[in-house]
Amino acid sequence: MNVTRTTPPRPLDVTALFPQLAPLARPAIRLHPRPGSPSPHDSSVGGPLLWPADEPWPHCDDESHGAVADEWNEGPIAMVPVAQLYVRDVPLLRPPGQADLLQVLWCPFEHEPDYKPPTVMFWRSATEVTDILAAPPEPSAVEYDGYIPRPCVLAPEQITEYPNPMDLSKELQQQLRDWSNWQAAGSVVDSSWAPYPDSFYDSHLSVAPGWKVGGWPPWGLTDPIARFCAACGAGMVPLLTIASNEWDSSNGGWAPHEDQHLAALPRADVANPPEVQVSKGNHLQLYVCPESPDHPHTSLIQ
Ligand SMILES: [Zn+2]
Ligand SMILES: [Zn+2]
């Protein structure tokens, strides 16, 4: 870790206005990926993995690559490191057994039927990896460059999130839409929000943008879609959000203190240090089963 990023305090304590939100608070760890030279012993986005030299590198042999990359693609595509997270840096992770390291890779192609890159997850014990694979294979083709993350170090920061408005009860949604309920906050909430104060909640008080572990899902592309474990039927929980930016003009208040000068620039590129573009500007949410880390994960584009 050689960077620090600090989310500015929220403009107000939303639970003081809406006490029903208090039990819905969830911790999230914002990852704040920033360009750097991570080693296999660091948490990273797009960095080198602590991968055992004697373990086969994961490849994707789905047939759908051919249509996009027919010239080069004669066989399986080497999967690409997306994130490596040590539990010491991201203590919200719940590893199985003695594992203390999570590795996430994807195939750099959007697969049918839902046009998302398939992901694989590996849990490891770092001390068991003594001989590290020095030169992992690289993919012979990619859908587009946004699926090759630029190597970034992380500045994990724990924050508190509240649900996206669409994840709330109809009653609470109605209360958030009632401007009179916001009067107690005084001038903190500008009266220009009066016609739609729930949008103020959505943009500034609920879900943090950008790469994160845990927290609440960033809905928007669709209404909330509940995820259920294929092995045991349990409701799945958000593990990792892979984002196509960390802030934009609607939520610049989430830009860390250290990046406020960048957030003031009229440039979108500075808000996306890993240069990842999932499904051309959306997010990929990975979900896991709360009952067992051995049950298969799932993913969703938002
Ligand atoms: Zn593939
Ligand atoms: Zn399960």
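Keep in mind it's a predicted model, so treat the numbers as computed, not measured.
- Clustering ILVMFWY residues whenever any of their side-chain heavy atoms sit less than 4.5 angstrom apart, transitively, puts V90 in the very cluster that holds L284.
- Defined by atom type and a distance below 3.5 Å, a donor-acceptor pair is present between the side-chain atoms of S180 and D178.
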*Going through the checks in order, is the side-chain contact (heavy atoms from CB on, under 4.5 Å) test met by I301 and D114?*
CA-CA 8 Å; I301 294 275; D114 41 10; over 6 Å; no
*Yes or no on side-chain hydrogen bond (donor to acceptor under 3.5 Å, both in side chains) for Q302 and T222, after CA distance, side-chain angles and deciding distance?*
CA-CA 7 Å; Q302 273 297 302; T222 68; 2.7 Å; yes
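- Residues M121 and V288 are in side-chain contact: their nearest non-hydrogen atoms beyond the backbone lie under 4.5 Å apart.
- No side-chain heavy atom of I132 sits less than 4.5 Å from a side-chain heavy atom of P52.
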*List the steps and the verdict of side-chain contact (heavy atoms from CB on, under 4.5 Å) for Q174 and L176.*
CA-CA 5 Å; Q174 188 57 44; L176 287 169; over 6 Å; no
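- In this structure, CG in D202 is found 9.5 Å from CG in N251, a value given to the nearest 0.5 Å.
- Counting heavy atoms from C-beta outward, D167 and W219 have side chains that approach closer than 4.5 Å.
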*Derivation of the side-chain contact (heavy atoms from CB on, under 4.5 Å) call for Y201 and H204*: CA-CA 6 Å; Y201 168 81; H204 301 292; over 6 Å; no
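- For the pair W211 and P274, the minimum side-chain heavy-atom distance is below 4.5 Å.
- A heavy-atom distance below 4.5 Å is found between the side chains of R34 and E246.
- Geometrically, R124 engages W51 in a cation-pi contact defined by less than 6.0 Å to the ring centre and at most 45° from the axis.
- Taken together through direct or relayed side-chain contacts under 4.5 Å among Ile, Leu, Val, Met, Phe, Trp and Tyr, L240 and L93 form part of one hydrophobic cluster.
- Atoms OG and CG, on S43 and L101 in that order, are 7.5 Å from each other to the nearest 0.5 Å.
- H59 contributes a side-chain N or O that, together with a main-chain N or O of W57, makes up a donor-acceptor pair within less than 3.5 Å.
- Taking the six-membered ring for Trp and the full ring otherwise, the centers of W216 and Y162 sit at least 6.0 Å from each other.
- Closest of all the heavy-atom pairs between R10 and G253 is NH2-O, 3.0 Å.
- Between L105 and L49 the shortest side-chain heavy-atom distance falls below 4.5 Å.
- No donor-acceptor distance shorter than 3.5 angstrom exists from the side chain of D61 to the backbone of I77, with no hydrogens or angles considered.
- Within the 3.5 Å criterion, the main-chain N or O of D269 finds no donor-acceptor partner in the side chain of N272.
- Considering CG of L168 and CZ of F18, their distance stands at 10.5 Å, rounded to 0.5 Å.
- Under the 4.5 Å side-chain heavy-atom criterion for grouping Ile, Leu, Val, Met, Phe, Trp and Tyr, V276 is connected to V104 within one hydrophobic cluster.
- With 3.5 Å as the limit, one finds no donor-acceptor pair spanning the side chains of Q277 and Y147.
- Counted by atom type alone, Q84 and Q103 present one or more donor-acceptor pairs between their side chains at under 3.5 Å.
- Neither side chain, H283 nor S244, offers a donor N or O lying under 3.5 Å from an acceptor on the other.
- There is no path of hydrophobic side-chain contacts, each under 4.5 Å, that joins I159 to V237.
- With rounding to the nearest 0.5 angstrom, the OG1 atom of T4 is 12.5 Å from the NE2 atom of H257.
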_Stepwise side-chain contact (heavy atoms from CB on, under 4.5 Å) check, D42 with Y86_ = CA-CA 7 Å; D42 295 322; Y86 285 87; 5.5 Å; no
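- P58 approaches F122 most closely through the heavy-atom pair CG-CE1, 4.1 Å.
- Separation of atoms CG (L286) and OG1 (T119) is listed at 4.5 Å; rounding is to 0.5 Å.
- The number of heavy-atom neighbours closer than 6.0 Å to CD of E138, taken from other residues, nucleotides and ligands shown, is 12 or below.
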Report all side-chain donor-acceptor pairs from residues 188-199 shorter than 3.5 Å, counting only partners two or more places apart or in another chain.
residue: D190; atom: OD1; partner: S192; partner atom: N; Å: 2.8
residue: D190; atom: OD1; partner: S192; partner atom: OG; Å: 2.7

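- The minimum heavy-atom distance linking Q175 with Q20 is given by the pair OE1-NE2, 2.8 Å.
- Side chain of Y144 to backbone of K280: a donor-acceptor contact under 3.5 angstrom is found.
- Across Q260 and P8, no two heavy atoms sit closer than the pair NE2-CG, 3.7 Å.
- Here L239 contributes atom CG and T298 contributes atom OG1; the two are 12.0 Å apart, rounded to the nearest 0.5 Å.
- Sparse packing is recorded around CG of D145, with 12 or fewer heavy atoms of other residues, nucleotides or ligands lying under 6.0 Å away.
- Remark: the backbone N or O of A234 is not paired with any side-chain donor or acceptor of E291 at under 3.5 angstrom.
- Only one option out of R5, R30, H32 pairs with E157 in a side chain to side chain donor-acceptor pair (under 3.5 Å); it is H32.
- At least one side-chain heavy atom of C152 sits under 4.5 Å from a side-chain heavy atom of P35.
- Heavy atoms only, all atoms of each residue included: A99 and W123 are closest at CB-CB, 3.9 Å.
- With hydrogens and angles left out, the side-chain atoms of Q98 and E128 include no donor and acceptor closer than 3.5 Å.
- Hydrophobic cluster membership is shared by W179 and F200, with clusters built from Ile, Leu, Val, Met, Phe, Trp and Tyr side chains linked at under 4.5 angstrom.
- Remark: side-chain polar atoms of N164 are paired, donor with acceptor, to backbone N or O of M166 under 3.5 angstrom.
- Of the possible polar contacts, one joining the S169 side chain to the L172 backbone as a donor-acceptor pair under 3.5 Å is found.
- T6 and E258 share a side-chain donor-acceptor pair at under 3.5 Å.
- Between the side chains of T160 and R26, no donor N or O sits under 3.5 Å from an acceptor N or O.
- Taking all atoms of both residues into account, the shortest heavy-atom contact from V82 to I242 is CG1-CD1, 3.8 Å.
- Using modelled atom types, no side-chain atom of W254 and backbone atom of D248 make a donor-acceptor pair closer than 3.5 Å.
- Residues V80 and P149 are in side-chain contact: their nearest non-hydrogen atoms beyond the backbone lie under 4.5 Å apart.
- Side-chain N or O atoms of S44 include none that pairs as donor or acceptor with a backbone N or O of G46 at under 3.5 Å.
- In this structure, R177 fails the cation-pi test against W182, since its NZ or CZ atom is not both closer than 6.0 Å to the six-membered ring centre and inside 45 degrees of the ring normal.
- Considering K116, E143, H65 as possible partners of H111, the one that fulfils the side chain to side chain donor-acceptor pair (under 3.5 Å) test is H65.
- For the pair E161 (side chain) and A208 (backbone), a donor-acceptor distance under 3.5 Å is present.
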